[in-house]
Amino acid sequence: MIVRSAAGVVEVLAPAKVNLFLEILGKRADGYHEVETLMAPVAIYDTLSFQPNEGGSIEFACERALVASPGDGTAPAALPEGSDNLVVRAVELLRQRKAVARGAALRLIKRIPIAAGLAGGSTDAAAALIAASLGWGLHCSPAELSEIAAELGSDIPFFFGRGPAICRGRGERVEPLAGLGRLHLVAVAPPAGLSTAEVFRACRPAAQPCSPASLVQAWAAGRLDEVGRLLHNRLQPAAEGLSPWIARLKREFDRLNVCGHSMSGSGSSYFGICRHARHARRVAAILGARRIGRAFATATCH
Ligand code: C5P
């Protein structure tokens, strides 16, 4: 998160994330799945601005940044508006917990693709909690915000950290990782998204769970080919059964000289590890011309 504050307005740049590793350890009694996942923030940002007011109402406006079309003539997925948006729910929950009488005007500029497994909604919610805590002068600790965040979504607490992390439980128990270099990558969001709940419903927990330890070691040592080989996402077979785009993107990445590729989160976006920034830009240009969705040359941000 990049946070700026001027003239009473707080502005937060909220990054996307990718999952380099995602294992499903089992299904829990509460309906959620026990996961072990390696997540890294990536430099595709939504912008959230927060302006406190004395009126007590929460106003929310959302616009899409100008981005290239998905490439096949379809309209991008709809954004949840008004009180359904996670941003509004996050701010309302914080306001209630802290008995805040003031309101706020929130404005969100979306760049992160929706329903793409890049945690666009989760990062916006984390940004909203940070902005509201600062804008209303609440001085909440990251632990306090994380606790509220976990009530709203499993991926949100990850965004209170500053870099890659292993996340366990539902995803809300975050163990930050240090000493990892920047990874350059290309992410593609196809024209159709996937519902997280549906993908989890269709997934099968691992009979023999894999561990992210070797991948973390390879990343720490800068062995990119090994990082690429060790990418793992247990949700991918379920997503492939629900959307033809996943297998299509896999085939497209197979034809490219990347270190490795995988689906991110519950899909539908897909990413490949590149050797350096120029390589990522080249791969993104090739994929961008194939009408398979929006291609981003990006990098992990720590
Ligand atoms: O926590 P979040 O609201 O992001 O999760 C969306 C849906 O994904 C949940 O309602 C649940 O069906 C599924 N899910 C799961 N196990 C997880 C995380 C999410 O089954 N660890």
Side-chain angles (χ1 to χ4, degrees), residues 1 14-42 46 48 77-94 108 110 112-129 145-161 165-175 189 192-207 209-212 232-243 246 262-269:
M1 296 283 168
K17 63 85 179 148
V18 292
N19 303 72
L20 293 113
F21 176 96
L22 196 165
E23 186 56 292
I24 307 291
L25 304 174
K27 183 147 190 204
R28 312 183 341 175
D30 63 4
Y32 281 87
H33 291 78
E34 197 69 15
V35 301
E36 184 166 33
T37 180
L38 167 52
M39 305 215 278
V42 293
D46 285 346
L48 182 86
L79 273 172
E81 304 263 333
S83 57
D84 283 347
N85 194 291
L86 212 45
V87 162
V88 178
R89 286 170 49 209
V91 171
E92 288 286 16
L93 187 58
L94 182 68
L108 178 65
K110 282 296 308 171
I112 303 171
I114 294 159
L118 299 171
S122 298
T123 194
D124 295 343
L129 290 173
L145 291 181
S146 285
E147 204 184 306
I148 295 172
E151 287 184 36
L152 295 159
S154 310
D155 281 349
I156 307 175
F158 163 75
F159 289 101
F160 297 109
I166 302 270
C167 302
R168 300 189 177 86
R170 283 190 291 130
E172 86 286 16
R173 281 181 12 229
V174 182
E175 179 197 329
L194 274 169
S195 146
T196 303
E198 265 183 53
V199 176
F200 269 102
R201 241 190 327 271
C203 79
R204 282 177 184 233
C210 301
S211 152
H232 169 75
N233 189 335
R234 185 71 65 186
L235 291 176
Q236 194 166 322
E240 280 175 18
L242 292 167
S243 166
I246 311 304
S262 174
M263 188 178 83
S264 179
S266 55
S268 59
S269 72

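Whatever order the structure lists ligands and atoms in, that order sets their numbers, starting from 1.
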As a test of reading the model: which residues have a non-hydrogen atom less than 4.0 Å away from ligand 1?
G31, Y32, H33, V35, G153, S154, R170, T196, A197, F200

Pairs where residues 146-158 contributes a residue and the test side chain to side chain donor-acceptor pair (under 3.5 Å) is met, not counting sequence neighbours:
R97-E151, S154-R170

Across all chains, not counting sequence neighbours, the side chain to side chain donor-acceptor pair (under 3.5 Å) partners of S122 are none

Please examine the side chains of P212 and E36, heavy atoms only from C-beta on, and report whether any two atoms are closer than 4.5 Å.
yes

I'd like to know whether N233 forms a side-chain contact (heavy atoms from CB on, under 4.5 Å) with S262, so could you lay out the CA-CA distance, the side-chain angles of the two residues, the decisive distance to 0.1 Å, and finally the verdict.
CA-CA 7 Å; N233 189 335; S262 174; 3.8 Å; yes

In the structure I gave you, are the side-chain heavy atoms of S268 and I246 within less than 4.5 Å of one another anywhere?
yes

Excluding sequence neighbours, so at least two apart, what forms ring-ring contact (aromatic ring centres under 6.0 Å, His included) with F200?
H33

